**Student:** 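Structure below; questions to follow.
As the structure is a prediction and not an experimental result, all values here were calculated from the model. First the proteins, then the strands, lettered A, B, ... as listed; each starts at 1.
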2 protein chains.
Amino acid sequence: MSETQLRDALNTLKSSGVRITPQRHAILEYLIHSMSHPTADEIYRALEKTFPNMSVATVYNNLRVFREAGLVKELTYGDSSSRFDFITHDHYHIICNDCGKIVDFHYPGLDEVEQLASHVTGFEVESHRMEVYGTCSACSSGGNRAKAQ
Amino acid sequence: MSETQLRDALNTLKSSGVRITPQRHAILEYLIHSMSHPTADEIYRALEKTFPNMSVATVYNNLRVFREAGLVKELTYGDSSSRFDFITHDHYHIICNDCGKIVDFHYPGLDEVEQLASHVTGFEVESHRMEVYGTCSACSSGGNRAKAQ
DNA sequence: CTCTAGTTTATAATCGTTATAAACAGTTTA
DNA sequence: TAAACTGTTTATAACGATTATAAACTAGAG
């Protein structure tokens, strides 16, 4: 399944004229397989064994390329650095205020919100963003003091 | 009406043991009256006539104090700097992808989303965040090239 | 009015991200 | 295969928002 995703993603890139370099392959693969929401720096550190000479700029450059190709979404929460999420199908995130863990969940479209907003404000609506915040079961049940992902 | 808001906010601060300095008064007043969603730097520049010696750190410090007191919400979008929103009553934001303008709109609670998310993920839900993105009428109708607010 | 803890100021430091220019590599052309 | 072109990576510096620090100051309690 994730192999299919990777192949599809590479095809998407190729067909929009983007070269497939080993670094790009690796970053994409990491994003798809990690099933997490890594920061640019996490990706960089995860791949530095395989690419000892790769620079952070390469990670940022390629994340931008992927974002512009519609493969990756950039998540900006309150904390200092952005997180990057490989776009599979529509899902939302719930984030633990305590340890920072991010869990995906699905919810049938919020199209009506977009419609109302468009009607009230006169905007042409393109997309929306929604997150839920709370405390994960590990943190609320006791002493989970680690800052996860 | 906004006078009431200001007075209430000052009382909230006092009752949680926060000193009311002239700078704090001015920042709060600016946030309430501006009806916009300024960055820390915008607040700083707006008040530098009145407080020529005020430093940016003061703005940041006090925005943090206000946030911790529940008076102000910090909005982190994709762009480099945070925006700050005086909390009146629940509303959402629609943001122009073109010029960055932020318009408020109201929408009856998304409590069911919180409930579903809580049920599916096991989190104790505390809050949620939602924004709509699109193009404002000024930008979609023609040549609004300015980067507003 | 005095005292003190909290606040402001000025400045430097931090850190995520972006810009730059040189070295490099994949692809096309011959 | 070789030369040339173009996009990519690397290394490094620059940038800008935010935070830390320490000294000077002041709101508010008594």
**Student:** Taking B:Thr76 for its side chain and B:Ser82 for its backbone only, find out whether a donor-acceptor pair lies under 3.5 Å.
**Tutor:**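 No, because the side chain of B:Thr76 does not come within donor-acceptor range (under 3.5 Å) of the backbone of B:Ser82.
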**Student:** Check the phosphate of D:dT18 against B:Ser82, side-chain N and O only, distance under 4.0 Å to OP1 or OP2. Yes or no?
**Tutor:** yes
**Student:** Tell me the interatomic distance from B:Glu74, atom CD, to D:dT19, atom P, rounded to whole angstroms.
**Tutor:** 7 Å
**Student:** Without decimals, in angstroms, what is the distance between A:Ile20 CD1 and C:dT27 C1'?
**Tutor:**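 From A:Ile20 CD1 to C:dT27 C1': 14 Å.
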**Student:** Is B:Tyr60 near enough to D:dT19 that one of its side-chain N or O atoms lies under 4.0 angstrom from OP1 or OP2?
**Tutor:**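 B:Tyr60 to D:dT19 OP1/OP2: no side-chain N or O under 4.0 Å.
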**Student:** Does OP1 or OP2 of D:dT10 have a side-chain N or O of A:Thr58 closer than 4.0 Å?
**Tutor:**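 Checking D:dT10 against A:Thr58, a side-chain N or O does come within under 4.0 Å of OP1 or OP2.
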**Student:** Taking CE from A:Met54 and P from C:dC24, how many angstroms apart are they, rounded to a whole number?
**Tutor:** 18 Å
**Student:** Check the orientation of B:Tyr107 and B:Tyr92. Use parallel for under 30°, tilted for 30 to 60°, and perpendicular for over 60°.
**Tutor:** perpendicular
**Student:** Let me know the distance between OH of A:Tyr77 and C1' of C:dG16, rounded to the nearest Å.
**Tutor:**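 So the two atoms are 17 Å apart, to the nearest Å.
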**Student:** For B:Leu75 and D:dT18, what is the distance between atoms CG and P respectively, to the nearest whole Å?
**Tutor:**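 The distance from CG of B:Leu75 to P of D:dT18 comes to 12 Å, rounded to the nearest Å.
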**Student:** With respect to the phosphate group of D:dT8, does any side-chain polar atom (N or O) of A:Asn62 fall under 4.0 Å of OP1 or OP2?
**Tutor:** no
**Student:** Rounded to whole angstrom units, what separation is found between the OH atom of A:Tyr44 and the P atom of C:dT18?
**Tutor:** 16 Å
**Student:** Please examine the side chains of A:Thr88 and A:Gln5, heavy atoms only from C-beta on, and report whether any two atoms are closer than 4.5 Å.
**Tutor:** yes
**Student:** Nearest-nucleotide wise, let me know which of B:Pro52 and B:Val18 is further upstream toward the 5' end of DNA chain C.
**Tutor:**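 First, find each residue's nearest nucleotide; the 5'-ward one identifies B:Val18.
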**Student:** Does atom NE2 of B:His106 have more than 12 heavy-atom neighbours, drawn from other residues, nucleotides or ligands, at distances under 6.0 Å?
**Tutor:**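 Counting other residues, nucleotides and ligands, NE2 of B:His106 exceeds 12 neighbours.
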**Student:** For a quick test of reading the model: is some side-chain N or O of B:Gln23 closer than 4.0 Å to OP1 or OP2 of D:dT26?
**Tutor:**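 No.
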**Student:** Are OP1 or OP2 of C:dG26 and a side-chain N or O of A:Thr21 less than 4.0 angstrom apart?
**Tutor:**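 Looking at the OP1 and OP2 atoms of C:dG26, neither is under 4.0 Å from any side-chain N or O of A:Thr21.
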**Student:** Could you please name the option among C:dT8, D:dG28, D:dT8 that lies closest to any side-chain atom of B:Asn61?
**Tutor:**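 Given the options C:dT8, D:dG28, D:dT8, the side chain of B:Asn61 is closest to C:dT8.
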**Student:** Considering all heavy atoms of both residues, which atom of B:Tyr30 and which atom of B:Glu42 are nearest to each other, and what is their separation?
**Tutor:** OH-O, 4.4 Å
**Student:** Can you check the A:Phe51 CZ to D:dA11 P distance for me, whole Å?
**Tutor:**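 Distance, rounded to whole Å: 13 Å.
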**Student:** Looking only at side-chain atoms of A:Arg24, point me to the closest of C:dA10, D:dA11, D:dT8.
**Tutor:** D:dT8
**Student:** Where the side chain of B:Ala57 is defined as all heavy atoms beyond and including C-beta, which of C:dT8, C:dG16, C:dT11 is the nearest nucleotide?
**Tutor:**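 Nearest to the side-chain atoms of B:Ala57, counting from C-beta on, is C:dT11.
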**Student:** So which atom in A:Leu31 and which in A:Ser34 form the shortest heavy-atom distance, rounded to 0.1 Å?
**Tutor:** O-OG, 3.5 Å
**Student:** Is a side-chain N or O of A:Ser118 found less than 3.5 angstrom from the main chain of A:Phe123, in a donor-acceptor match?
**Tutor:**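 A pair under 3.5 Å: yes.
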**Student:** Assign A:Ser81 to base, sugar-phosphate, or nothing according to its heavy-atom contacts below 4.0 angstrom with the strands shown.
**Tutor:** sugar-phosphate
**Student:** Just to confirm, is there a sub-4.0 Å distance from OP1 or OP2 of D:dT18 to any side-chain nitrogen or oxygen of B:Arg64?
**Tutor:** no
**Student:** If you fit an axis to the five pairs at each end of the helix from C:dC1-D:dG30 to C:dA30-D:dT1, how big is the angle between those two axes, to 10 degrees?
**Tutor:**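 What I find for the helix from C:dC1-D:dG30 to C:dA30-D:dT1 is an axis angle of 30°.
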**Student:** What is the distance, rounded to the nearest whole Å, between atom CG of A:Leu13 and atom P of C:dG26?
**Tutor:** 17 Å
**Student:** Which one, D:dA27, C:dA10, C:dG16, comes nearest to the side chain of A:Ser80?
**Tutor:**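 Output: C:dG16.
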**Student:** If only side-chain N and O atoms count, and only distance matters, is there a donor-acceptor pair under 3.5 Å linking A:Asn62 with A:Gln23?
**Tutor:** no
**Student:** Could you check whether the side chain of A:Arg19 and the base of D:dT6 have a donor-acceptor pair of N or O atoms closer than 3.5 Å, going by distance alone?
**Tutor:** yes
